[in-house]
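Side-chain atoms are counted along with the backbone in the values below, which use heavy atoms only and exclude waters and symmetry mates. Numbered from 1 within each chain, the chains take letters A, B, ... in sequence-line order.
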Amino acid sequence: MNPLHLADAVRAALVAAVRAGELDVQVPDEITIDRPRSREHGDYATPVALKLAKAAGLPPRAIADTVATHLRQADGVAAVEVAGPGFLNITLEAAAAGALPGRILAAGAGYGRSDGLKGRRINLEFVSANPTGPVHIGGARWAAVGDALGRVLSAQGAEVVREYYFNDAGAQIDRFARSLLAAARHEPAPEDGYGGAYIGDIAAAITAEHPDWPALPDAQASELFRRTGVAAMFDEIKATLHTFGTDFDVYFHEDSLHSSGAVAAAVQRLKDSGHLYVKDGAWWLASTAYGDDKDRVVIKSDGEPAYIAADLAYFLDKRARGFDLCIYMLGADHHGYVARLKAAAAAFGDDPDVVEVLIGQLVNLVRDGAPLRMSKRAGTVISLDDLIESLGVDAARFALIRYSVDTTLDLDIDLWTRSSNDNPVFYVQYAHARLCRMLANAADLGLPGGDPAVAVDYDPALLDTPQESELLALLAAYPGVVTAAADLREPHRVARYLEDLAAGLHRFYDHVRVLPMGDADPTPATTARLRLSAATRQVLASGLDLLGVSAPERM
RNA sequence: GCGCUCGUAGCUCAGCUGGACAGAGCAGCGGACUUCUAAUCCGCCGGUCGCAGGUUCGAAUCCUGCCGGGCGCGCCA
């Protein structure tokens, strides 16, 4: 019996009441089931009678009384009380709640997965940092959150393709190339160039690989540094992300859109459909017609495509590859893109809702309470590599994922590097490791129940201490958490849930003895508790996997 | 000025698709280990949910206005 089953039971009770002529209302599709803070209000509660009062033309408590009468007949329901203004407080039979571990263990890693998004083909684009420097802290946030979101969406049955858009065309790349060339010539970085230590490293690697470079004419030298420098930077970015546990299915090169003629074709299509017009020698997209604040230049007056031209072609490319949803994860400094990306889709005659832009707030680094100003040009950035080095992959991922991307993150560098044990990831991982040791001990003792692979009967009614009830309720909530995380595009819900689940496990562990003490014989409760422990271990492992964080067997 | 976004405990943040007295971690104070991992558990302290209105049986949550912070408003990418 979990919240979803209970919602079905409440709905059935409503239908029964309507059939009996006791109520005259449309039975709602969604039934809210809450987990009350206090057990005095039952295991679960629903305000459905309050919501229906107006439509039914009856006092909420009268409706609640009617529904309660029918709900009491439902399997697994021990008691139903009407409380306050008309809440239905529901208490489950211990056996109905206690049956859950058996079902979780039967489902294994499948528990918490669903097919709610089956058939959806989702393109998830994130990070997409320019290959002019290492991935910095902002990119790190998307690398962690985006990857976790991909996992969560996949767990709901969606077909997800993770994509990195590689801006290897345009002026920034030219500046990058000039910066490399300047470094190779031991000249200061150009005024508008990049000056981090990595520039010197890459330049040195290129000159070592191509010792005859000084003989090249300027244009060729520039091209050499551009081509090899971008390739080197890109390899480094890929390697860093791989270390971080984030691998992309597609690394898409902006350059390819230009060379293949896709950009020209997209522009022509808009010209043909009358969505482009000429003003001041440039071609403009009439995006205001579709909700943008202003029209956008697509082809500049010098004949060169503007940045958005490639975006247009890129969108068409994604659609041609069969995606029915294109998610873009962008930083708050790019929120101005939302309207133009949707307008672009509309201009192509497509549904703007195919484009979904997730805006995440920026990450501020703080030291001693003062903001640390970062500059890519000056090379004073905290890179993803730095983060991994000081925190480790698991702690860094968890720390970045556990906050809503709606919040601007203030990360205190010293705190993070000094006392990384404060990171809740260890709390969650410790819960998993604790269970692994206990289950291993059970196996050594030859006790049944601890092995997830072996189905073992147990008496579910024995799981009736407060700590066991709480743990069962937490386990029951897991599928709903994953669904919410996917639907709302908020993987941080999974991280927060795991912290709660770990807390529930630790309380259980500290208050309820599982294995027999000393030479004592195992009891039926031993088996039931081992099943509960094994099921909890499974959900902890599944949840951590959704975050791309390891579930260690010992710590 | 216009737009987006955030404002919850000393700090960092959950809760926001409306539900019962607002939560966690950290910090502070005090307890619990000769038996399954104390990276744990238990207790105490701590908040006019930025302010003011509105909608509602019910608002941290929805709407409006104001205040404060961040970001954006290029023929840059």
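The existence of a salt bridge linking A/D65 and A/R61 is excluded, since no basic side-chain nitrogen approaches an acidic carboxylate oxygen closer than 4.0 Å. A/E470 has a carboxylate O that lies under 4.0 Å from a charged side-chain N of A/R35, or vice versa, which qualifies the two as a salt bridge.
Closest non-hydrogen pair, A/C436 versus A/P552, comes out as SG-O, 4.5 Å.
Residue A/N89 is classed as a base contact, given a heavy-atom separation below 4.0 Å to a base.
If you check B/rC6, B/rC13, B/rG23 against the side chain of A/R37, the one that comes closest is B/rG23. Comparing B/rC75, B/rC36, B/rG19 by their nearest atom to the side chain of A/P47 picks out B/rG19. Of all nucleotides listed (B/rA20, B/rU35, B/rC75), B/rU35 comes nearest to the side chain of A/R513. For A/F87, the side-chain atoms get nearest to B/rG19 when compared with the rest of B/rG19, B/rU35, B/rA14. The side chain of A/R496 approaches B/rC13 more closely than any other nucleotide in the set B/rG72, B/rC13, B/rC36. Across B/rA20, B/rG72, B/rC6, the shortest atom-to-atom separation from the side chain of A/D406 is found for B/rC6.
Between A/F166 and A/H253, a ring centre-to-centre spacing shorter than 6.0 Å is recorded.
Taking atom CG of residue A/D295 and atom P of nucleotide B/rG74, one finds them 13 Å apart after rounding to whole Å. In this structure, A/L330 places its CG atom 14 Å from C1' of B/rU5, rounding to the nearest Å.
The phosphate of B/rC36 (OP1 or OP2) has no side-chain N or O of A/R554 nearer than 4.0 angstrom. Taking 4.0 angstrom as the limit, A/T408 places none of its side-chain polar atoms (N or O) nearer than this to OP1 or OP2 of B/rC13.
An aromatic stack links A/H41 and the base of B/rA20, using centre distance under 5.5 Å and interplanar angle under 30°. In this pair, A/Y307 does not lay its aromatic ring on the base of B/rC76; centres under 5.5 Å and planes under 30 degrees do not both hold.
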Criterion ring-ring contact (aromatic ring centres under 6.0 Å, His included) on A/Y165 and A/Y328, from CA distance to verdict:
CA-CA 10 Å; A/Y165 184 56; A/Y328 297 73; 8.9 Å; no

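A/T407 places none of its side-chain heavy atoms less than 4.5 Å from the side chain of A/V405.
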For nucleotides 41-47 of chain B, tabulate all protein N/O to nucleotide N/O atom pairs closer than 3.5 Å, reporting atom names and distance.
{"from": "B/rC41", "atom 1": "OP1", "to": "A/Y427", "atom 2": "OH", "distance (Å)": "2.4"}
{"from": "B/rC41", "atom 1": "O4'", "to": "A/D510", "atom 2": "OD2", "distance (Å)": "2.7"}
{"from": "B/rC41", "atom 1": "O2'", "to": "A/H511", "atom 2": "NE2", "distance (Å)": "3.4"}

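Side chain A/H335 to base B/rG3: a donor-acceptor pair is found below 3.5 Å.
Rounded to whole Å, the P atom of B/rA27 lies 32 Å from the corresponding atom of B/rU17.
Note on ring orientation: taking the six-membered ring where Trp is involved, the planes of A/F252 and A/Y314 are tilted (angle from 30° to 60°).
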